[in-house]
There are 2 protein chains.
Amino acid sequence: MVNRPTETQLLENLHTLPFFQDLDLGTTAVLAAQTRWQTYQTGEVIFWEGESAAGLYLMHAGWLKVVKTTPSGREQVLRFFGPGEMFNEIGALANQPNPATAVALEPVGLWLLPRQIMVQLMAERPLFAQHLIQQLAGRVIHLVGLVADLSLRPVVGRLASLLLTGATDDILHRPRWYTQAELASRLGTVPDVIQRALRQLEDSGVIAVERHHIRVLDREKLAEIAAQ
Amino acid sequence: MVNRPTETQLLENLHTLPFFQDLDLGTTAVLAAQTRWQTYQTGEVIFWEGESAAGLYLMHAGWLKVVKTTPSGREQVLRFFGPGEMFNEIGALANQPNPATAVALEPVGLWLLPRQIMVQLMAERPLFAQHLIQQLAGRVIHLVGLVADLSLRPVVGRLASLLLTGATDDILHRPRWYTQAELASRLGTVPDVIQRALRQLEDSGVIAVERHHIRVLDREKLAEIAAQ
DNA sequence: GTTTGTCGGCGACTTTTGTCGGATTGTGGT
DNA sequence: ACCACAATCCGACAAAAGTCGCCGACAAAC
């Protein structure tokens, strides 16, 4: 269970986002008054694919995944979202059914900025609309990269890239929720294959796999493998 | 070589697009005056991945593909574009380097709406910005679908889907540029695999493959295969 | 009409990815 | 400390996708 932050914390949080930096104090206050606090348990669904969405979500605590799922249960993670990040622009603002499903990976607390007030902001404030366009452009760029990865690169290469970009100080920390299954789903494959790939990289001496983190031993060689 | 249409044809063309429907006559005229006519030969590149782009492109004649390419030469088609369609919102309006490359598949004639005037419209006209947001949302939705397809469905399934959605009156016409190689690149695989997949579908009697078109014989069975 | 290049077709083979059953090891709850 | 569950690990196997070499058919160019 995640405790509800104070109104002040929300206001500070809003102000750190480029999205809302340009708004005057009055508008921000109205916005803050309209947002709803919501919490979810591990495994709970924030929204389903196909629903038209309630509004923009602003993460406060916890992590979640946005996924596409097959009837057989296999899934592809589009992105993980953590504290401070915002999502669901499509569902909230483009008047389109949401293309994917969001699931909590651990206890999540977030703010829901209702659709209606967002639509209003979008229509009235050119700068807000511009930020939104930037944000969507970012999504497109990310997805284009994902498509290219899935289509053109082998699993080991994708894993190597993820390790390189995801590691801070050559260490990729894996919280409880970040299992090999999630890693696999993120990279578009299955856990067994990830396990093999990890062992392969470990055997060639470029990484060291431990229980809750992966250490990058040889960045250069890893980058070579990633390039494939 | 594609002949340059008249100014009048351009104006008519602009007006059929939801994008520009809300503009007053004066603005449309200014817009039309600023656009540049450009032609490309088969195989010519309209823009490269990584470039920051010149503006929005409005197709008049011909077909092109937007692709990601590996050093080894394999490519993934993100989308084909034909007459009446607009592209390059990212490069033109989000101030981001373009994430992909555009290549002409046959002689192409198109209008280039310069970046600057688009940026101006975007900042001044809320409705224009809204259309842009809709357009980008469409791109995101399309890409999310592509990701899910590549990751979660086998080649035959993807091919079956393409045949179902691409066929008019149960016939998918294949112009000269629409070779098995392009089909493969569109579906994220290689020509040989497409050839096998086509033969497999033909052997099970659901389609008939001829030189310049593919006929759907059994829509229901094809839909079943597509569902896999 | 011949030539030349591209496209399509096909079988054999390799590599990569996915699947299955089961052993093993942590971890949280009691 | 014990139990139950989830996560990991592993070898063997199956299926899907990719590669290669070659041949034949068509189409534009000369």
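Per chain, numbering begins at 1; letters A, B, ... match sequence-line order.
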Checklist entry - How many angstroms lie between CD in B:Glu12 and CD in B:Gln9, if you round to the nearest 0.5 Å? => result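 Spacing of CD (B:Glu12) from CD (B:Gln9) equals 7.0 Å.
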
Item to check | Spatial distance of atom CD1 (B:Ile207) from atom CG (B:Leu164) [nearest 0.5 Å] | outcome: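 Spacing of CD1 (B:Ile207) from CG (B:Leu164) equals 10.5 Å.
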
Checklist entry - Is the shortest side-chain N/O distance from A:His212 to OP1 or OP2 of C:dT27 below 4.0 Å? => result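 For C:dT27, OP1/OP2 do have a side-chain N/O of A:His212 under 4.0 Å.
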
Using a 3.5 Å distance criterion without hydrogens, assess whether the side chain of [X] forms a donor-acceptor pair with backbone atoms of [Y].
X	Y	value
A:Asn88	A:Gly55	yes
A:Asp218	A:Glu220	yes
B:Thr189	B:Ser185	no

Quick one: [X] [atom1] to [N] [atom2], roughly how many Å, whole number?
X	N	atom1	atom2	result
B:Arg158	D:dA16	CZ	P	13 Å
B:Glu106	C:dT6	CD	C1'	17 Å
B:Arg74	D:dA17	CZ	P	11 Å
A:Gln228	D:dG18	CD	P	16 Å
B:Leu187	D:dA16	CG	P	17 Å
B:Ile194	D:dG18	CD1	P	9 Å

Next on the checklist: Return a single string for nucleotides 3-14 of chain D, one symbol per nucleotide in 5' to 3' order, where B is base contact, S is sugar-phosphate-only contact and - is none, cutoff 4.0 angstrom on heavy atoms.
Outcome noted: ----SSSBSB--

Next on the checklist: Tell me if the aromatic rings of A:Phe80 and A:Trp177 count as close, with their centers under 6.0 Å from one another.
Outcome noted: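 Yes, the ring centres sit under 6.0 Å apart.
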
Checklist entry - What's the verdict on side chain to side chain contact (heavy atoms under 4.5 Å, CB included) for A:Glu106 and A:Arg176, showing C-alpha distance, side-chain angles and the deciding distance? => result CA-CA 9 Å; A:Glu106 50 181 14; A:Arg176 184 155 332 289; over 6 Å; no

Checklist entry - Which parts of residues 147-157 of chain B get close to DNA chain D, meaning a heavy atom less than 4.0 angstrom away? => result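 Nucleic-acid contacts, sorted: B:Pro154, B:Val155.
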
Next on the checklist: Using side-chain heavy atoms (C-beta onward) and a distance below 4.5 Å, is B:Ile194 in contact with B:Leu198?
Outcome noted: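 Contact flag for B:Ile194/B:Leu198 side chains = yes.
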
